[in-house]
Structure formats: structure tokens, C-alpha cells
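In what follows, a single structure is set out as C-alpha cells and then discussed.
As a basis for the values below, the full set of heavy atoms in this structure was taken, side chains included, without hydrogen atoms, waters or symmetry mates. The chains referred to below are lettered A, B, ... by the order of the sequence lines, with proteins before strands, and numbering in each begins at 1.
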Amino acid sequence: MEMQKTYNPKDFEDRLYAEWMEKNYFRAERDPAKIPFTIVIPPPNITGQLHLGHALDNTIIDTLIRFKRMQGYSALYLPGCDHASIATEVKIVEEMKKKGLTKKDVGRDGFLERAWAWKEKYGGRIVEQMKKMGVSCDWSRLAFTMDERCSRAVREVFVNLYEKGLIYRGDRIINWCPGCKTALSDAEVEYSEDASHFWHLKYPVKDSDEYIVVATTRPETMLGDTAVAVNPADERYTHMVGKTLVLPLVGREIPVIADEYVDKEFGSGAVKITPAHDPNDFEVGLRHDLPVIRVMNDDGTMNEEAGDAYCGMDRFAAREKIVEDLKACGALVKIEPHTHNVGHCYRCKSTVEPIVSKQWFVKMAPLAKPAIDAVARNKIKFTPSRFSKIYFNWMEGIKDWCVSRQLWWGHRIPVWYCDDCGEMIVSKTDPSECPHCRSKNIRQDEDVLDTWFSSALWPFSTLGYPDKTDDFNYFYPTDVLSCGYDIIFFWVARMIFSGIEHTKKVPFRDVLLHGIVRDEQGRKMSKSLGNGIDPLEVVEEYGADSLRFSLIQGVAPGNDSRYSKGKVEAARNFMNKIWNASRFVLMNAEGVNVPPMATVKLSAADKWIVSRLESCIKEVTLNLGKFELGIAAGALYDFLWSDFCDWYIELCKSALYGDDVEKKASTLSVLCFVLENALKLLHPFVPFITDEIFRNIPGTQGSIMVAEFPRYNAKLAYKKEAKAFETVMDVIKCVRNMKANVGCPPSKKVKVYLAAAANRRMLAAGADAIARLAGASGVEFLESGASLQEKTFSQVIEGCTVIVPLGELVDIEKEKVRLRQELERVIGEIGRADSKLQNRGFIEKAPKNLVDNERAKREKFIEMKEKIEAQIRDLGE
RNA sequence: GGGGGUGUAGCUCAGUUGGUUAGAGCGCAUGCUUGACAUGCAUGAGGUCAUAGGUUCGAGCCCUACCAUCCCCACCA
């Protein structure tokens, strides 16, 4: 093959992906001979396009999937999208608004038509984007939260929960978004510290000069007050309890009640109670049987209950007017500046209003308990483990889940009401008549379900639930669930309790959480900051492999990371390095009949690189198993760049360019062996480049995607030989270092003398390497005691003294200084070793190998010390 | 109010079960057209691992306190 000089991913990424698709490599078969390994995608919203968070999701999951697939599992990466009820509806409303249309104008059916068209467009686009990232999803199983399968699961679950009494309808205080005009769950409200005011109001006692002062942050709600509460133990107010107050502006008579909820120390110690507009007040209202007066409409304007003066006004305008009116009638005592936490809709950012409303709720306590147990008893394991604490924290304090939404885009609640007999029909299938009175006059509930209601079923709804399909039986429960820690509450927790409740099994064994991808300055990427990065643009510029590698490299599970162009460039440079190393190997192998490695005689350098490869295999496999993708990627980076390229390839050159045909063939054999295995190890991380190169290695067949992942082979570990060879490398480094220290150009050949006692054979075998890599004109051994006539530099390394005659470059005084510094360092090391070895505790308690190690080290340094002292003597005191 | 993260080289970050002389990338300095790669090669400078105690034969790692910084949950009107 003709390989380009530089790595150019555009030449092959799309082509390879098309081929993988065509060959059906992504398809996970229900092979009874294989063990299944399943990951379902965190389904991206169809609202728009993918961002770097999705890219990270996909890279992590795809890396694990490809790894397992190569290990022989039937690996299923199940793709899909989420209908994102509220988010999509907001987008479509916006889109219609541009054309001057409202939801009302187009009607429910018209609206849904637009929504489906939107889904087709953006859902398709997202799939295309994912393909660009190289993910090996089984597209034949592509799912959508509103497709037939998932919808059936939603109905099944809703009805089952209803029949078990775990889902109910009732008037409760909920979070209302006046922007989206729908109820929200607690999880969908974001709080922020907003500057506001504290308005202190005076409520007069009926037929008296007395009054009570209350404070509020939302004065407009006073129109719905139905009591004022004080703490029963508060002596200031004991005499007031039971008296009647006259609500200013409204004139309604309301009681003073006593309730523990009130904090004596806070404010005036008296609280106005508005059951319809505050969660705490609602509870107080229930305890005291207070009327609930709702003064606000769904769109955030005041209603008739607010009185003619305010009816129809927006809540914030009404607030101003009410404050003015209160001031005018003398009911306003004072206004204090006050910052407090205000809830905002997580989609449209409008200020959320707590409002009493009739909604559907899922009863959480019975569902939460087994879900907590599953994690507590390690049936599900979080990585990193600290997230289980966060999970417990949330699950233990969980309140009932408001699941109805006043939206059109979503799963319509499977409940019908009979206009004739008033009965409610909860059904998995659409009824045609009322089963109670046979009336045809039935209407379906107008509302849809929270998006997360269907997301919660994702690991099993996508596999066929409620039917016990073959897929369900084979692939469920899934194995790993990987997503960002920011959706633990929204998604992970809900999948856990849903999975346990409806399938009687935990939906996955492992939860692997990753952090948020931030911008270069550590800020969250957001539309308002305009600092978002489109992964496709990065792919376009650098290729998918570079993006994937840059997202994985140096990242620990659960930790946030920063995206930067520099990181992608570094990854791209690594790809280029892989590319060129491969090009080097393949070019040299061209026309050569490369023998299998098992048949050739290995040199010391060969054994060294094979040994390094084996430990790399070990490390990569181990760390992928622990979800430590960053460490695994780091090990590969070091192995390929430092060990393979900087050392081994350089070491090979003399054999490759030499005349010894056999030697050349055996070297190529090792080069191909190591390259092939390294590519296999790399493939899960960077699928394209590895496959592109793999096909050109002599002796390989087909795609690397379906090759077997390398297995550690203890026979190839060559621990002793590898260690011995490192002395040769040390000599090379030492000579280079000496040259650089005195400004001798690296290309200038120098004679190298070695004084060594033990490992002469190895050093002699390495003479050629030393000559080539250190720029030596020759390597000679000095007998002990022999000395040279020329001026020399010498340096002591482990097991050897390296002596280089550098003639005129030698500055005796400078060299003495260096030697003395070196001596000092070595003496320091001896001292350190001594103090350890003289410590009885260390000798007795530390593992034996460590103690032996320390002894050996001490010996080594003492030997070095003596040699350095001898050198100093030679230079003359 | 409760919970959690982070703090290691100029910058971005690794550092696994506590065990060699604490690492990488980028940046910096010096020198290299060494027949794969300047998206490269070699050499080097740069760290009292936030601070103070403690446990241990041994601490970047475990414990306690404290400082800084970020996040999540709760929502006292």
C-alpha cells in the first residue's frame, strides 16, 4: 500500500465506517456460545445537535464495547434518541412563533405533526453525527423513546403502577412553569440566588387597634392568604392565636393559627399562610383545614380570585401594584433588600411558581427502598464509588414524583374520563367506550408524561419489555450504564427503581460516571456564553480518532475535564506518530517474506520490546476492566511513542539497513508483531486509524474490529532479559547526556569506553546500538585499573562506568564540580537507604522484597560512590 | 443548613492496594535537514505534592483540623 507521509483521517474514516456497516460488524447476535455485554446509550435529545458531552459519552461507551467485542463477548451498543418532551416542545413553539403561529392555531394534531417532522430531521442528524465519531452502535436496534416498543412499555408501566396503587392523581402543590405552562418535577427546578426584597406587611386584628406584622418575598401571594401562623411557644403571640385578622386590600377575614412550622427567631415570628402558592403553607393548610385560594393563572397572570384590581395582570406587574396599594393604605411597614433562592425552569429559565394543581404522581417511598438496597448491597456499583453517597442522599429524601405535564409532545397519559358516569378508565389499550356505563362519551386525559418517565424504562423498553423477547432474555440486564454525573437524579436513579420494580432485576451492574467537559478556562459550555464546541467541526479538522483520544487521555472517572485545541492537537500528533511508525514498518517489510515471530531468534532488544508490549497488554486490559480509560490510554501512549518509536524502531535500523538477511527478517517479524498487537490494544480508543493500518500488516486478515484482543503471555515477558538490556539503554542516555553537557554536537562521533564487571556480554551485544543511538565511533571495554591517556569524561551508572574522551572539550575544573555534585547526590541516597535499613521496624514489617530491594540499592550506590571518588582522584586534587 | 469535589512543575492534568530517586502533555531553554514522522529527534531547567497536626517501619495517597476554590441537595416566610 501507498501510505501518505502524514496522517490524513479524511482519506479513510468515512470509507471504513461504511464498510463496517456493510459487513454488519455492529450487529450483536444472540449467540448462546458468547457472553452478552450490553450498554444502552444515554439517549440524546432530539432538540438539536450533539455537543462534546455526547462525544465523551460515546467515546467511553464505544471504547468499552469494542474492547469487549474483541474479547469475544456479544457486545451490544444500543443506540437511540429521547423525545425530550418539554425541551422539544419549547423549540417547536419558538419555531412556530417565528411564523406567527401558536399551539392553539395549529391544534394538537397539527402540533404533533410538526413535532414528528422535527424528530425525523434532528433524530436523523444525530445518528449521522454519531457515525462520524466512529461509534459501533447496533443501528438495527435503533430506538426512540416514543416509538411503538417504548410507548407500549410506558403504558404497561403506568397501568401497572396504577393498579398497584403506586400512581395517583391529586391536588398537590407542584412547581409550575408559567413559561412552558406545565408542571415540573422537583428535579426540573434550578435554584439561583436572586436579589430581591423583603416586604413587611401589617395585618390588622378585626375590631381592634392591634396588628401582626408578617414578611414576604412574594407580596402578590398575599391575595391568597387564608391564615397567619405563629409558633405555639411564642409568648409574644399567645394572646393573638384564635383571633381574626382582616386581610388588607382584600378584606377577607383570616384566623391566627399556631403551628410548629413557624420559626420564632426568623423575621417577626409570624408567617402569612398561602396554601395555594407555597409548599410549606400547603402543609400548614392541610393541618389546619384552611381554604386554598389560588390567585394565579397558568400563564403567570393573576386570576379573578385576586380581585378586579389585579385580575389579568402579570404576576410581576401585580406585585408592584400591590406593594403600592399596600403602601397607600398604610399596610406596608418597610422594605428590606434580601437575596434568596428563586426556582427557575430548567428549560426556559422562567421563575417557577409553586401552585396547587391536579396532577399525576408516582408514590416514591415503596419504589425507593429496594433501589437503595440494590446499591447498598452492591448489586449495582458506582464508579467512582463516592457517587453512591450522592445517590443515597437523594433517594432517602425523595418526595413523590409529579409525572404529568401540560404539554402535547410526549406519551399521553393512558387515562380516560367518562363524561356520562364520571368514571376514570386506566388502560393499556385505547378504550372505545366506558366499561362502566358503556357510554362512548369518553375523553383521554389531556396531559403527557414527564420525559424521564420513559427514559427510566430505557434499558428494558428498548429490548422488548413488557414482552419477554429473545433480545430481552439475552441482553437484559445490561452491564454498564455510562453517563455524566449530572443526570444521576434525572435518569440513573429512576432507571434503577423502575428496573427493579418492573423487571425484578437491576437494570445494570455498573454505573460509570464521567464529568463535564468544560471550556479552556474551566467554564461550563453553554449557549449563552457561546463557548460550545461542535464535535463535528473537530472531527472535520482533526479526525474522529484525535477527538476521541483527546477526550479520554488524562481523564479520571467522575472528574470534570477541560477541552482545548491543544489537547486535540497533541492527540492528532500521536495519531501521526502511529501513522508514521506504521509506515516505517510496512515500508521496510515490503517485498520481504516476514517469518512468524515464534520461529525467529530474538535479540536482546527484541526481547526488551516484547517484554514491554506484554506489560502494556496487562496494564491496558486491567485498566479497561476497571473503567480507567485514561490510564489505559496513557499506557498505550507511552508504550507506542517512547518504547516503540523512540527506542525500538531506532534500535532496529541497523538490522534493517544491514546486510544480514536473516537478521533483517527476524527484526521485521518482531516489528510487525509488536505493531499488530499495539494496534489491537489501541483499536477500542481509535478505531479508524488502527483498522486502516492493520489491513496492511503482512499476515493479517480482515478488519481489526473483529480481531481478538491481545492476551497477556507470560512466556513473552522476558523480565530478566529486558532489565539487563536497559543497561545498554542507560549507556546510550549517558553518552548523549555527556555530549549535551559540554556542547558536543550529537552527530559528532566519539569513542566510548565501558568499564563493567558483570554484564559485559549484554553490553558487547549492545555495542552496535550504542554506536548508532549515541553517536559512538566504537565501543571498547576497559579492564579494571586501566586508565586512558586522553582527557575524558566519565559517568557512573548502574553496573557500568561510561568513559568518553572529549579532548579539548574537557574542562577539568567544571568536571570536578559536576562529579562532586554527583557524589553528593549518591551519598544522599546512601544515607536515605541506610536510615531505612537501620530502622528495625522497616526490616521487620516491610515486605521482604522491599527490604532486599533497599539493600541492593544501597550496594549499588556505594559502588557508585567509590567509582566517583576514584574519578575525582584521577582528575587530581 | 446538609453533602461532595478539587488544590501535585509556568499551564492542563495523571498518580491504582500506602512501598524505588513523584510523572505526562503543552510551554520554556539548548542542540539537531540522524535514510517513518519538524504533527519530528536529543538534552535540560522547573515540584518543601495548599497549610498544620496525627496514624505508620514508611504518607502525594489514610485520619483530624484549617485555608482556598468549585459543585450538588434543602429552601426560613
Grab the N/O contacts between the protein and nucleotides 31-35 of chain B below 3.5 Å, and write none if there aren't any.
none

With 3.5 Å as the limit, what N/O pairs link the protein to nucleotides 68-75 of chain B?
unit_1, atom_1, unit_2, atom_2, d
rA74(B), N6, Asn341(A), ND2, 3.2
rC75(B), OP1, Lys399(A), NZ, 2.9
rC75(B), N3, Asn341(A), ND2, 2.5
rC75(B), N4, Asn341(A), ND2, 2.6

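Separating the NZ atom of Lys5(A) from the P atom of rU39(B) is a distance of 10 Å, rounded to the nearest angstrom. Ile212(A) has its CD1 atom 14 Å from the C1' atom of rA77(B), to the nearest Å. Residue Asn559(A) contributes atom CG, which lies 10 Å from atom C1' of rC13(B) at whole-angstrom precision. Atom-to-atom, CG of Asn580(A) to P of rC41(B) comes out at 10 Å; the value is rounded to the nearest Å. In this entry the distance linking CG of Leu675(A) with C1' of rA36(B) reads 12 Å, nearest Å. In this structure, CG of Leu513(A) is placed 13 Å from C1' of rG4(B), rounded to the nearest angstrom. Between the CZ atom of Arg562(A) and the P atom of rU6(B) there is a distance of 15 Å, rounded to whole Å. Rounded to a whole Å, the NZ atom of Lys748(A) is 17 Å from the C1' atom of rU43(B).
Taking the C1' atom of each, rU51(B) and rC11(B) are spaced 23 Å apart, rounded to whole Å. For the P atoms, the distance from rA77(B) to rA9(B) is 42 Å, rounded to whole Å.
The base of rU39(B) is paired with the side chain of Arg572(A) by a donor and an acceptor separated by under 3.5 Å.
With the nearest nucleotide of RNA chain B identified for both Asn623(A) and Arg840(A), Asn623(A) has the one nearer the 5' end. When the nearest nucleotides of RNA chain B are assigned to Ala581(A) and Phe861(A) by heavy-atom distance, the more 5′-ward of the two goes with Phe861(A).
Residue Asn839(A) is classed as a sugar-phosphate contact, given heavy-atom separations below 4.0 Å to backbone atoms only.
With respect to Arg772(A) and Asp768(A), no salt bridge is recorded, no charged nitrogen being found less than 4.0 Å from a carboxylate O. Salt-bridge annotation for Glu822(A) and Arg825(A): present, with a side-chain N of the basic residue lying under 4.0 Å from a carboxylate O of the acidic one.
For residues 564-577 of chain A, the pairs satisfying salt bridge (charged side-chain N to carboxylate O under 4.0 Å, His left out) are Glu541(A)-Lys565(A), with sequence neighbours left out. Applying the side-chain hydrogen bond (donor to acceptor under 3.5 Å, both in side chains) test to residues at least two apart or on different chains, the pairs with a partner in residues 513-523 of chain A are Asp57(A)-His514(A), Arg518(A)-Asp560(A), Asp519(A)-Arg523(A), Asp519(A)-Asn531(A), Gln521(A)-Arg523(A). Screening residues 619-648 of chain A for salt bridge (charged side-chain N to carboxylate O under 4.0 Å, His left out) gives Arg612(A)-Asp643(A) as the qualifying pairs, with residues at least two apart or on separate chains.
Contact annotation: Lys577(A) reaches the phosphate of rC41(B) (side-chain N/O to OP1 or OP2, under 4.0 Å). Applying the 4.0 Å criterion to OP1 and OP2 of rU20(B), one finds that Lys857(A) has every side-chain N and O outside that range. At the phosphate of rC41(B), OP1 or OP2 sits under 4.0 Å from a side-chain N or O atom of Trp641(A). For the pair Arg218(A) and rA77(B), the criterion of a side-chain N or O lying under 4.0 Å from OP1 or OP2 is not met. OP1 or OP2 of rG40(B) sits under 4.0 Å from a side-chain N or O of Asn573(A).
With sequence neighbours left out, Trp199(A) forms a ring pair (Phe, Tyr, Trp, His ring centres under 6.0 Å) with His197(A). With sequence neighbours excluded, no residue forms a salt bridge (Lys or Arg N to Asp or Glu O under 4.0 Å) with Asp400(A). By the side-chain contact (heavy atoms from CB on, under 4.5 Å) test, Glu859(A) pairs with no residue at all, sequence neighbours left out. Residues that satisfy the salt bridge (Lys or Arg N to Asp or Glu O under 4.0 Å) test with Asp834(A), not counting sequence neighbours, are Arg858(A). Take Thr6(A) and apply the side-chain contact (heavy atoms from CB on, under 4.5 Å) test, not counting sequence neighbours, and it matches Asn576(A).
If you check rG4(B), rA42(B), rG44(B) against the side chain of Arg386(A), the one that comes closest is rG4(B). For Pro847(A), the side-chain atoms get nearest to rG19(B) when compared with the rest of rU39(B), rG19(B), rA36(B). Residue Arg736(A) places its side chain closer to rU43(B) than to any other of rU43(B), rA77(B), rA36(B).
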* Structure fact -> Output field dot_bracket for RNA chain B (Watson-Crick or G-U, both distances under 3.5 Å, | for other-strand pairs) contains (((((((..((((.....[...)))).(((((.......)))))......((((..]....)))).)))))))....
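Annotation: proximity of residues 266-275 of chain A to RNA chain B (heavy atom, distance under 4.0 Å) is found for Phe266(A), Val271(A), numbered in ascending order.
Using a 30° and 60° split on the angle between ring planes, Phe644(A) and Tyr648(A) fall in the parallel class, below 30°.
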